[in-house]
Amino acid sequence: MAFWSGETLKERLSELVNPADPECIDCAAYTLKVGPEYYVTPTDRTPDPKSVSLKTLQLGEAFAIPPGQFAWVLTHEVVTVPKNALAFISIRARIKWKGLINVSGFHVDPGFSGRLTFSVFNAGPVPIHLRHNDPTFLIWFADIDRAETDYAKAAKAPVTQLDLTALNQVAGEVYSLQGLADRIRSTEKDLSSRITALERANGVFAVAAGVVLALAAGLAVQWIVREFSPPIIPVPTSARAALLAPLFSVQGGEQ
Ligand SMILES: O=c1ccn([C@H]2C[C@H](O)[C@@H](COP(=O)(O)OP(=O)(O)OP(=O)(O)O)O2)c(=O)[nH]1
């Protein structure tokens, strides 16, 4: 088995990919572009996760795959693998480095014809954005050891759209670690602000209780003083003068 060189790819390009662009030959690989359809699994923030379906992209339109989410992306090109060849598929390194993993990947059968479906997973920490027609995927072709084989894929109409039957089995919300971590963080924040509010309310209550207690104590002391002190008997003015007279007379005698 030998992998095809860039030169072989260039010579046979028109029978391998449609539309073909020699500029997309990258060493011994051909770079495939993002096509017109995709599906991204909804996150826990999606309002109605069950109603999310595949979407179509206009030229130049982009979409994002959030962290921890799974996506299907159709290629722009229709790929045809000759019956005496086998192809291998992957994602460009610069996109893989962001955390995009090719879930299905790996091979395209001899005799296959159609747009390829890349099922991918964002294992990175941030959303990964892809744009219609951006060079994103790679394909390598290799000879198999016979010129003709009965085991090639039977010829049928080329795949041009995402397979809805298969999509029905993966549609739905994916509880990603990132989503769960976000939810834990927001619950923690909510809880801590509620605790702070409770502590503040407790402080106000303690001050109010202190003031009420002080007032009650003051009133109680006043009441005790009033109830239990001996009554003050008023002394008539003439009697007061008689009582004070000896004092004034002693002071006057000393002079
Ligand atoms: O990531 C991938 C992998 C494969 N294929 C295409 C090329 C391949 O030739 C075809 C079928 O792949 P495979 O034989 O692995 O899948 P299957 O589930 O056995 O499908 P089938 O019953 O059509 O053989 O699907 C893709 O589009 N994307």
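These numbers come from a predicted model, not from an experiment. Counting convention: from 1, in listed order, for ligands and their atoms alike.
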Checklist entry - Would a line drawn from the ring center of Y30 to the ring center of F141 be shorter than 6.0 Å? => result no

Check ligand 1 for close polar pairs with the protein: N or O on both sides, less than 3.5 Å.
unit_1, atom_1, unit_2, atom_2, d
ligand 1, 1 (O), S104, OG, 2.5
ligand 1, 1 (O), G105, N, 3.0
ligand 1, 1 (O), T117, O, 3.3
ligand 1, 9 (O), D109, N, 2.9
ligand 1, 9 (O), D109, OD2, 2.8
ligand 1, 14 (O), D109, OD2, 3.1
ligand 1, 24 (O), K153, NZ, 2.6
ligand 1, 27 (O), T117, N, 2.9
ligand 1, 28 (N), T117, O, 2.6

Checklist entry - Can you name the side chain to side chain donor-acceptor pair (under 3.5 Å) partners of D48, sequence neighbours left out? => result S51

Checklist entry - Can you tell which of F3, W140, F137 makes a ring pair (Phe, Tyr, Trp, His ring centres under 6.0 Å) with F88? => result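 Passing option: F3.
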
Checklist entry - Is the shortest distance from a Lys or Arg side-chain nitrogen in K33 or D134 to a carboxylate oxygen in the other one below 4.0 Å? => result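 The answer is no: the pair does not qualify as a salt bridge.
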
Checklist outcome for this item: For P82, the side-chain contact (heavy atoms from CB on, under 4.5 Å) test, sequence neighbours excluded, returns W4, R12, E15, L16, N84, A85

With a 3.5 Å cut-off and sequence neighbours excluded, list the donor-acceptor pairs that the side chains of residues 114-127 form with protein atoms.
unit_1, atom_1, unit_2, atom_2, d
R115, NE, T75, O, 3.1
R115, NE, H76, O, 3.2
R115, NH1, T160, O, 3.2
R115, NH2, H76, O, 3.4
S119, OG, S104, N, 3.1
S119, OG, S104, OG, 2.9
N122, OD1, G124, N, 2.8
N122, ND2, I65, O, 2.8
N122, ND2, P66, O, 3.4
N122, ND2, V126, O, 3.0

